[in-house]
2 protein chains.
Amino acid sequence: MKNGRKRVVIENLRPEVDKGKYYAKCTVGERFTVQADIFADSHDEISAFLIVKEPGLNDWKRIPMKLVENDLWEASLIFDKTGLYKYTISAYMDHIKTLQTHIKKKLNANQDISLEIKMITEYVSSGANKQKSGGIKKLDASIKKLENEKSKQKLITYLLDPIIYETLDKHCSAEFTTTYENKLTVLVERKESRFSSWYELFPRSFSKTPGKHGTFKDCERMLPEIATMGFNVLYFPPIHPIGNTNRKGKNNAIVANPDDPGSPWSIGSELGGHKAIHPELGTMKDFQSLLKKAKDYSIEISLDIAFQCSQDHPYIKEHPEWFLWRPDNTIKYAENPPKKYEDIVPFNFETAKWQELWKELESIFVFWIEKGVRIFRVDNPHTKPYVFWEWLIAEINKKYEGIIFLAEAFTRNKKMYKLAKIGFTQSYTYFTWRYTKKEFITYMNELTKTGLKDIFRPNFWTNTPDILSVDLQHAKKPSFANRLILAATLSSNYGMYGPAFELMDNEPFPGKEEYNNNEKYEIKIWDRNKPGNLRELITKVNKIRNENEALQSTCNIRFYEIHNDQLMVYEKFSDDKSNIIIVAVNFDTVYKQSGWVRIPINDFKIKSDEEYVMYDLLNNLSFTWKNEWNYIELNPTGVAAHIFRLERK
Amino acid sequence: MKNGRKRVVIENLRPEVDKGKYYAKCTVGERFTVQADIFADSHDEISAFLIVKEPGLNDWKRIPMKLVENDLWEASLIFDKTGLYKYTISAYMDHIKTLQTHIKKKLNANQDISLEIKMITEYVSSGANKQKSGGIKKLDASIKKLENEKSKQKLITYLLDPIIYETLDKHCSAEFTTTYENKLTVLVERKESRFSSWYELFPRSFSKTPGKHGTFKDCERMLPEIATMGFNVLYFPPIHPIGNTNRKGKNNAIVANPDDPGSPWSIGSELGGHKAIHPELGTMKDFQSLLKKAKDYSIEISLDIAFQCSQDHPYIKEHPEWFLWRPDNTIKYAENPPKKYEDIVPFNFETAKWQELWKELESIFVFWIEKGVRIFRVDNPHTKPYVFWEWLIAEINKKYEGIIFLAEAFTRNKKMYKLAKIGFTQSYTYFTWRYTKKEFITYMNELTKTGLKDIFRPNFWTNTPDILSVDLQHAKKPSFANRLILAATLSSNYGMYGPAFELMDNEPFPGKEEYNNNEKYEIKIWDRNKPGNLRELITKVNKIRNENEALQSTCNIRFYEIHNDQLMVYEKFSDDKSNIIIVAVNFDTVYKQSGWVRIPINDFKIKSDEEYVMYDLLNNLSFTWKNEWNYIELNPTGVAAHIFRLERK
């Protein structure tokens with residue numbers, strides 16, 4: 001029989017990730033909205049507060065919540081610094097606010113209010129008697145003065161002022177205050193967790209001399225170009241020594257030729273493992289010089305962390321107990337029968353020495369962080385225990401701030417979302433396999449309008465060395481342009497396997513969703529100046545992203561009504577609504593499509609018949625529109641898409 | 001760094017009510033299904049078990065779960081006795097099952113399996129070495145025997161048998177087993193919690209001499225009639241002494257005439273309070289005699305518990321501290337400005353003496369339970385603190401088994417559902433305000449296809465003394481028949497304010513959703529034998545309910561496709577599918593409506609072109625149908641509805 005006088009119920013608080021076991025995610029500059037169902041056992045008024053504790057501070061800040069509808073209450077704030085914040089909600093029956101409401105209603109119904117007035121003034125004077133000074137004392141004095149003046153109307157007006165309940169609120173007894181049962185956590189991260197543009201390349205294909213093994217020095221030469229194109233993350237496949245045993249040849253051949261370089265994901269040789277650099281790429285000094293130069297161009301280098309070994313990795317001799325040995329004394333290579341991955345050996349996470357294994361794997365991240373790397377693309381995290389990642393990311397977050405983990409988890413949805421819950425900053429997605437308007441709308445609503453929005457940050461990739469999606473196979477420019485614009489405007493985090501995308505490589509390995517002559521198994525020669533490449537379009541799209549805050553968030557999306565299934569139109573807006581971007585895409589890559597689209601002008605406080613400008617940033621075209629319904633037309637041979645900025649006249 | 005080798009993830013377990021804070025609900029004979037998302041970090045096989053502990057036992061019973069789809073697993077059981085059961089889920093990577101799967105896949109791909117065979121046999125012999133006797137020893141012996149016989153084919157067949165992993169499972173180490181973080185609770189209640197037919201009457205209107213105050217003795221005379229009609233709960237408005245101060249007159253008049261009996265909900269006078277009986281109804285002995293007689297007819301008497309007082313209730317003098325006194329020394333009567341309820345005084349649940357108040361209120365339930373009452377209709381529970389009800393129902397459940405609480409909570413949905421969570425057995429609903437096919441389908445899906453199904457048991461009332469819904473105002477027989485059939489076949493718990501419904505009282509108080517000349521304020525004279533009354537139809541519908549298990553559950557509903565918005569067709573089925581009821585209702589109460597309805601014959605294993613019988617239990621008509629799509633026609637002047645039983649030929 002505890003707390004019997006706490007009459008307010010607070011439930012269904014959002015965000016609350018798995019009963020508060022995991023933190024919600026937010027970033028600096030982003031609005032964080034907390035909602036809950038709050039109600040009690042009467043028609044009386046409730047006061048409710050979101051209470052928030054900044055990292056490092058002991059005080060809880062109170063933010064008044066507002067009733068939205070049907071017992072749903074809400075409050076929000078924008079964080080200005082990173083770190084782990086705590087939050088919860090408290091609420092109580094507000095007797096003063098209730099009396100004020102009763103007075104208003106009774107005045108309207110011409111009923112007597114003298115008792116209500118007496119009750120408020122008694123509340124105040126009883127509060128004032130308990131205080132030596134402060135707000136209540138002042139209220140009490142003001143009331144006594146108005147009573148003496150005998151101006152009933154002035155007294156009523158004063159007693160109906162919010163200052164009365166706001167002042168008394170602060171003294172509301174804890175005995176009557178319900179506080180939500182969990183103290184929840186939100187991790188506020190740096191802006192790049194929410195807004196990033198990734199460019200992936202294999203350093204070995206970027207030698208000045210075509211066909212020769214490229215180096216980190218060669219990558220330094222690429223930096224100005226990548227910066228000009230507008231990317232801020234440059235991501236490399238694994239940079240470690242590559243195994244010799246069972247090395248794969250061109251196009252994933254089981255037997256390699258002597259000069260085949262092997263897959264960078266077959267990690268480790270007698271030259272070292274996950275903390276070593278493949279000698280043909282350069283030295284640690286070269287790598288650190290590259291990191292430093294990249295910084296000058298506001299580019300961060302992302303490394304690929306793939307927790308697996310070639311048969312030649314030093315770990316195998318040093319820690320045989322970390323691997324699964326079979327009755328014939330061979331090590332178990334990766335397989336999913338009947339498929340075999342002969343050049344890769346997985347760790348055995350069920351080993352009795354799992355604690356040592358975990359610590360060693362953590363030390364790999366620490367090693368590269370200490371060298372200056374702050375962004376990691378994690379290879380196939382869903383094939384290592386979730387409990388391991390949960391521990392690892394928490395450990396890293398304890399030691400360092402602002403480390404970004406991108407999960408390369410092309411797997412079933414529940415596994416993918418679990419990785420987000422346990423700490424991955426961003427994730428690869430199903431974007432690659434969404435082709436129609438209906439599919440995109442359904443997927444975007446799942447990602448941005450459900451609880452996923454609090455944990456899962458999508459990173460939309462146009463292509464990867466593993467995936468050449470069917471819509472790009474043997475495809476022409478309009479298909480590439482669409483995929484670029486969709487990735488870059490639907491999601492604030494996006495990326496491309498750059499050279500292949502820029503040059504519109506559209507040749508699949510027969511019968512597969514992969515590239516033919518895949519760069520994973522060979523050194524490629526990319527003629528990045530080949531006519532008809534996409535560099536200009538990519539540069540334009542990135543410039544629009546960088547200059548328009550609306551495109552720097554993902555959840556701020558809304559789809560517009562348009563009666564043509566080939567046309568999709570959607571809006572993104574900055575938090576203060578000063579920047580409104582409206583994107584129109586044509587899924588028909590051959591024929592012109594047109595239709596009438598409904599612009600919700602009421603929401604922008606544009607009146608009927610008032611003119612407004614739709615400025616197409618992509619094509620430098622200006623349209624003057626009026627009213628809700630307006631005509632658009634997109635022709636794949638001409639203007640393939642619009643990226644409008646809505647401007648008041 | 002704990003539990004690093006527990007690789008299986010178990011999340012999103014359902015039912016789990018508010019993080020396990022509240023119990024889920026089930027009844028004897030009802031299927032209880034538990035689902036969870038279960039997955040791990042590889043393609044390896046998982047074994048998962050629902051584990052259940054019966055009340056009073058210490059052992060946990062293991063029920064194997066099955067993968068439904070996309071990492072969703074499920075298991076179910078049917079309880080055969082009442083009480084609080086515990087349940088949770090455990091799961092682990094099943095290496096034996098994985099090896100068996102690999103063998104099968106490799107055999108198909110013509111790959112070598114000798115290592116897999118060796119690994120299984122080593123698992124078994126290593127297990128057998130640790131045991132003195134039992135299953136594993138036997139497995140090991142059988143394998144050794146087959147190895148000696150050198151029949152490789154027989155050995156493989158044996159090693160692929162589920163008995164291998166089932167036997168080894170039992171010895172799987174806890175170190176590798178994930179158990180869901182919460183132990184959850186389900187309250188298994190008696191059948192009447194799920195299946196009940198309520199008849200409400202005011203005893204005072206059932207005197208043999210019309211106009212005289214009726215008694216419990218008069219109610220005894222009603223029992224055979226109510227039993228014949230097929231009801232099993234007879235519910236009375238409050239039976240306590242009625243207050244005199246501010247007593248309401250006819251039609252809620254503020255001033256009563258001297259002979260007005262007053263509202264039974266204005267409880268308490270100098271003759272006693274919530275533990276006393278209104279003298280004109282009879283004595284405690286009379287009441288207990290009625291309870292006993294009712295039992296002979298398999299009828300339970302339900303009392304109305306309304307925690308509020310008239311101004312004359314003895315509590316006011318004995319416990320003034322339980323009420324809210326105003327500065328003018330009057331007690332605060334119930335009000336929701338500008339509305340006033342002058343004949344009712346609420347308790348002040350914020351009183352410093354709240355513990356005493358709670359205990360006294362609990363003692364009222366205990367008092368009537370000790371007299372033999374086991375079903376209570378609780379008046380306006382949402383106007384008393386939720387924390388109070390949570391405590392009270394838990395206390396009663398600790399002391400007594402099988403007490404049923406029906407919440408009369410006509411309030412916003414979150415409040416209504418909160419009462420269900422904290423323990424109310426059944427609840428009044430929005431049934432009364434659903435009028436169209438779309439509204440009914442939406443509402444039924446909300447109640448039966450969401451998490452509500454685990455906590456909220458609807459009780460559909462055709463009418464109450466408080467509500468004459470608009471579709472019944474000035475309405476004719478087809479409207480009454482529809483509302484009866486909908487209430488009685490959509491929900492397994494249903495009720496009626498009997499005399500008014502039977503006699504099709506359709507006269508509203510002008511401008512209100514209430515009856516004119518409401519029985520709440522006067523003694524009525526009901527001529528229950530008036531021609532055209534609904535007794536025969538009600539009797540038929542209750543007989544169908546009592547004889548068909550399909551209609552004794554609520555969540556087993558499915559709506560059929562029919563292309564006519566005036567016709568609604570739905571199915572209910574018994575757990576073993578031996579009893580299939582299909583109901584067809586015509587919302588047009590004036591004109592004939594017809595349409596083609598799709599019967600999902602595949603689900604019933606009926607072949608195309610195979611004949612089946614639709615036997616209409618309501619109208620004693622038999623139809624022979626074939627294939628999926630069949631024609632139905634309903635005419636309000638003739639056959640108003642069908643209640644088919646589907647029968648195989």
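As the structure is a prediction and not an experimental result, all values here were calculated from the model. Both backbone and side-chain heavy atoms feed into the values below; hydrogens, waters and symmetry mates do not. Residue numbering restarts at 1 for every chain, and letters A, B, ... go by the order of the sequence lines.
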**Complete:** So NZ of K21(A) and CD of E181(B): to nearest 0.5 Å the spacing works out to 4.0 Å

**Request:** Could you check which of K19(B), E335(B), R412(B), H43(B) has the highest count of heavy-atom pairs closer than 4.5 Å to chain A?
**Result:** K19(B)

**Message:** Less than 4.5 Å to any heavy atom of chain A: does that hold for the side chain of T411(B), its backbone, both, or neither?
**Reply:** neither

**Asked** Contact part of K339(B) toward chain A, heavy-atom cut-off under 4.5 Å: side chain, backbone, both or neither?
**Response** neither

**Request:** Could you tell me whether K359(A) atom NZ has more than 12 heavy atoms of other residues or ligands within 6.0 Å of it?
**Result:** no

**Message:** According to ring pair (Phe, Tyr, Trp, His ring centres under 6.0 Å), who are the partners of W325(B), at least two apart in sequence or on a separate chain?
**Reply:** none

**Item:** Atom CD1 of I254(A): over 12 foreign heavy atoms under 6.0 Å
**Value:** no

**Request:** Sort N348(B) into side chain, backbone, both or neither according to what part of it lies under 4.5 angstrom from a heavy atom of chain A.
**Result:** neither

**Request:** Calculate, to the nearest 0.5 Å, the distance between atoms CG and CG belonging to N380(B) and D41(A) respectively.
**Result:** 11.5 Å

**Request:** Of all the heavy-atom pairs spanning K105(B) and P337(A), show the shortest one and how long it is.
**Result:** CD-O, 3.1 Å

**Request:** Select, from D328(B), V8(B), T330(B), the one with the greatest count of heavy-atom pairs under 4.5 Å involving chain A.
**Result:** D328(B)

**Item:** Side chain to side chain, R5(A) and F349(B), heavy atoms closer than 4.5 Å
**Value:** no

**Selection from R326(A), K104(A), H102(A) maximising heavy-atom pairs under 4.5 Å formed with chain B** = H102(A)

**Message:** Given heavy-atom pairs under 4.5 angstrom as the criterion, report whether the side chain, backbone, both or neither of Q355(A) touches chain B.
**Reply:** both

**Prompt:** Around atom NZ of K353(A), are there more than 12 heavy atoms of other residues, nucleotides or ligands at under 6.0 Å?
**Reply:** no

**Message:** For a 4.5 angstrom cut-off between non-hydrogen side-chain atoms, does F39(B) reach K414(A)?
**Reply:** yes

**Request:** Apply side-chain contact (heavy atoms from CB on, under 4.5 Å) to K418(B) and D37(A), showing your working.
**Result:** CA-CA 11 Å; K418(B) 176 76 178 173; D37(A) 298 336; over 6 Å; no

**Prompt:** Where does D44(A) contact chain B at under 4.5 Å (heavy atoms): side chain, backbone, both or neither?
**Reply:** neither

**Request:** Using a cut-off of under 4.5 Å on heavy-atom pairs, state which of P338(A), A109(A), S114(A), S42(A) scores highest against chain B.
**Result:** P338(A)

**Message:** Nearest 0.5 angstrom please: N336(A) CG to T101(B) OG1, how far?
**Reply:** 10.5 Å

**Side chain, backbone, both or neither of N70(B) within contact of chain A (heavy atoms, under 4.5 Å)** = both

**Complete:** Output for pair (Y417(A) OH, E11(B) CD), nearest 0.5 Å, gives 12.5 Å

**Request:** Sort D71(A) into side chain, backbone, both or neither according to what part of it lies under 4.5 angstrom from a heavy atom of chain B.
**Result:** both

**Prompt:** What is the minimum heavy-atom distance between K415(B) and A40(A), and which atoms define it?
**Reply:** NZ-O, 3.0 Å

**Fill in**
Cut-off 4.5 Å, heavy atoms of chain A, and the answer for N12(B) is neither

**Item:** Best-contacting candidate, R7(B), M119(B), K6(B), against chain A by heavy atom pairs under 4.5 angstrom
**Value:** R7(B)

**Item:** Contacts with chain A made by residues 386-396 of chain B (heavy-atom distance under 4.5 Å), listed by residue number
**Value:** Y386(B), V387(B), W391(B)

